[in-house]
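Contents: one structure, followed by commentary.
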There are 2 protein chains.
Amino acid sequence: MSGSHPQTKERPRSLEARIQEHLPELPSSERKLAELILDFPGELSAYNATELAKLAGVSKAAASRLFKRLGFRNFEQARRLVRDIKQWGSPIYLHERQQDSSPLPSEKQAFLDDHVTALTRTFDQLSAADIEAALQRIVDARRIWLVGYRNSYFMAAYARWQFIQFRPRVDLLPHPGETLGEHVTEFAPDDLLIAVGMRRRVPELDRVMQAAQERDMPVLYITDSLAGDKPFATWTLRCDISSSFLFHSYVGPMGLIHYLSVQAVRLTGKAGRLRLEDIEIAHEKMRDFDD
Amino acid sequence: MSGSHPQTKERPRSLEARIQEHLPELPSSERKLAELILDFPGELSAYNATELAKLAGVSKAAASRLFKRLGFRNFEQARRLVRDIKQWGSPIYLHERQQDSSPLPSEKQAFLDDHVTALTRTFDQLSAADIEAALQRIVDARRIWLVGYRNSYFMAAYARWQFIQFRPRVDLLPHPGETLGEHVTEFAPDDLLIAVGMRRRVPELDRVMQAAQERDMPVLYITDSLAGDKPFATWTLRCDISSSFLFHSYVGPMGLIHYLSVQAVRLTGKAGRLRLEDIEIAHEKMRDFDD
DNA sequence: TGGCCGCTGAAATCATAATTTCAGCGGCCA
DNA sequence: TGGCCGCTGAAATTATGATTTCAGCGGCCA
């Protein structure tokens, strides 16, 4: 965007590309280090030159010489390149990708890896006991209230959509044009509040949860792995939302809600399946769908 | 390394956990930095204390004090902790753990596999040309209109939330209490309509897309892999939503929207990043957040 | 064999990052 | 009001990491 980016002038080649290019002419100690870098498993930029040298079993001097020879002013410059390409990308770098004969093994792969890690951690962390209890309540509750603000709103919306597939009376709060207070007075002990609160949370969420607790209504709190405990939550389910890119990954919560939905239908048994069929028939009659 | 073998068995308290614990008692400048760290989506250990301080808008002294207060000997120790914990959570480690101690009950594994398959297929199928063009338009459009019904509504809501992080004028249609018609008259050639339409689509979606086309406004159509072509779509991006369970998996579309968001910010360049910072500052001023 | 050459790592030097000090500020309370 | 106290960032200090120097080594070839 800004007309004269300093980056624009520099050569946009990635560290790996530069290594590939120089590999044949590298002396042995530097090559040892270069090869270590090429199949380095973690985040290269999290390590300093001394550590890399030690890992490759060469001297610090060799490391320093390698980066010079690759055309960097110093090690620090290389480290930044690696880090910033991952975080911001560079328009030039991305553009180059299309023509490049041997492109980076598709950056898409890195996004995919991120999401898979988040999902795996989410499923791994789930508290079986809380899941069990919450599921039973999702099925038995007279009424379900869903609430989520900001980045959590769409997850509450997703949960609502799923839940109304197999049970009635699932409300997403607040309804447009209404304040929360109007609904809170309806909270009842045999209802369930599901509060979705990923960072960053707004104080309002606490107030809703507290209101539920004061009315003896259980609360299922769905949040991120790093969140502290909430005294108002009856059950807490945590999701990993970490990503190495600019925005968090919400595939974890999606997986969790999908899981809850499928298991809830199973628990519901025949009634839930019948409801699914009813909805289908109703739509059919109204010719709601395109295809 | 030094002679003693590192203790890989004990899981050390994470940096984030320590921050959560101390958050209430932190003075404002240190808290600002702590907040930044909690929200940090990238690889924290790739940054040094000076940079983090600058990003948070506090002095280096504050950074140094924060890590001391959190119980670390110094910043370096914290940085290593973050880096090494990441290794703990790496897919390889997670995989081993599944076989070893507490295996994921095989059914959770099956859910996980489903989502991973859906994500992989989604990323594999993406049309590079359409992505490229759509991205440019997401950045350049004067105004973006988002629409999605039924099961697609929450994805449109997610996309809106992401996009307003880096650009203004992103509308989710229809606004509560209004009909679509009122907005359609505002459609303009240099705007963009993003229509999310997973199975099963309602006829209304077609009408909106058609209206856009009639007004020479380009349309990005996000749909499922099995959908037929839409004559009203300028670009089409398809996601795999298949699942072996009762409900579809929508992690594919989530991954796609996440990808579009990250790449769009990159394209936007400095302007987008500045906007991210502005939003953060505005929130700070309004004391919008809980923690 | 002897001389050249480039490579190597240890150690010296240099550069930069992290920590500590310190003076000033602002809230709080007697 | 004045004195205390904890917070703050600029600047001084210290620690750590990176680079450069340098002596020694080993291959190569006349």
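Below, chain A is the first sequence line, B the second, and so on; all start at residue 1. In this text the structure is predicted, and so the values were computed from the model without any measurement.
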May I ask you to establish whether R83(B) and Y47(A) are in a cation-pi arrangement, using a distance under 6.0 Å from NZ or CZ to the six-membered ring centre and at most 45° from the ring axis?
yes
Please enumerate all residues that pass side-chain contact (heavy atoms from CB on, under 4.5 Å) together with R238(A), with sequence neighbours excluded.
Q125(A), T223(A), A227(A), D229(A), T236(A)
Tell me, for nucleotides 3-17 of chain D in 5' to 3' order, what letter each nucleotide earns: B for a base near a protein heavy atom under 4.0 Å, S for only sugar-phosphate near one, - for neither?
----SBBB------S
Mind calculating the distance between CZ (R73(A)) and P (dT19(D)) to the nearest angstrom?
10 Å
Distance in angstrom units between R79(A) CZ and dA15(C) P, rounded:
19 Å
Could you tell me the separation between the CD atom of Q77(B) and the C1' atom of dA18(C), rounded to a whole number of Å?
14 Å
Can you list the residues that meet the side-chain contact (heavy atoms from CB on, under 4.5 Å) rule with E76(A), with sequence neighbours excluded?
N74(A), R79(A), R80(A)
In whole angstrom, give the distance that lies between atom CD of E51(B) and atom P of dT16(C).
13 Å
Do the ring centers of F247(A) and H258(B) come within less than 6.0 Å of each other?
no
So CG of L126(B) and CD1 of I131(B): to nearest 0.5 Å the spacing works out to 4.5 Å
Sorted by chain and number, sequence neighbours left out, side-chain contact (heavy atoms from CB on, under 4.5 Å) with S249(A) holds for H115(A), A118(A), S243(A), V251(A)
Does anything in residues 61-72 of chain B form a side-chain hydrogen bond (donor to acceptor under 3.5 Å, both in side chains)? List the pairs, not counting sequence neighbours.
E30(B)-R69(B)
Contiguous pairing runs of three or more, Watson-Crick or G-U under 3.5 Å, that involve DNA chain D:
C:1-30 with D:1-30
R18(A) bridged to E21(A) by N-O distance under 4.0 Å:
no
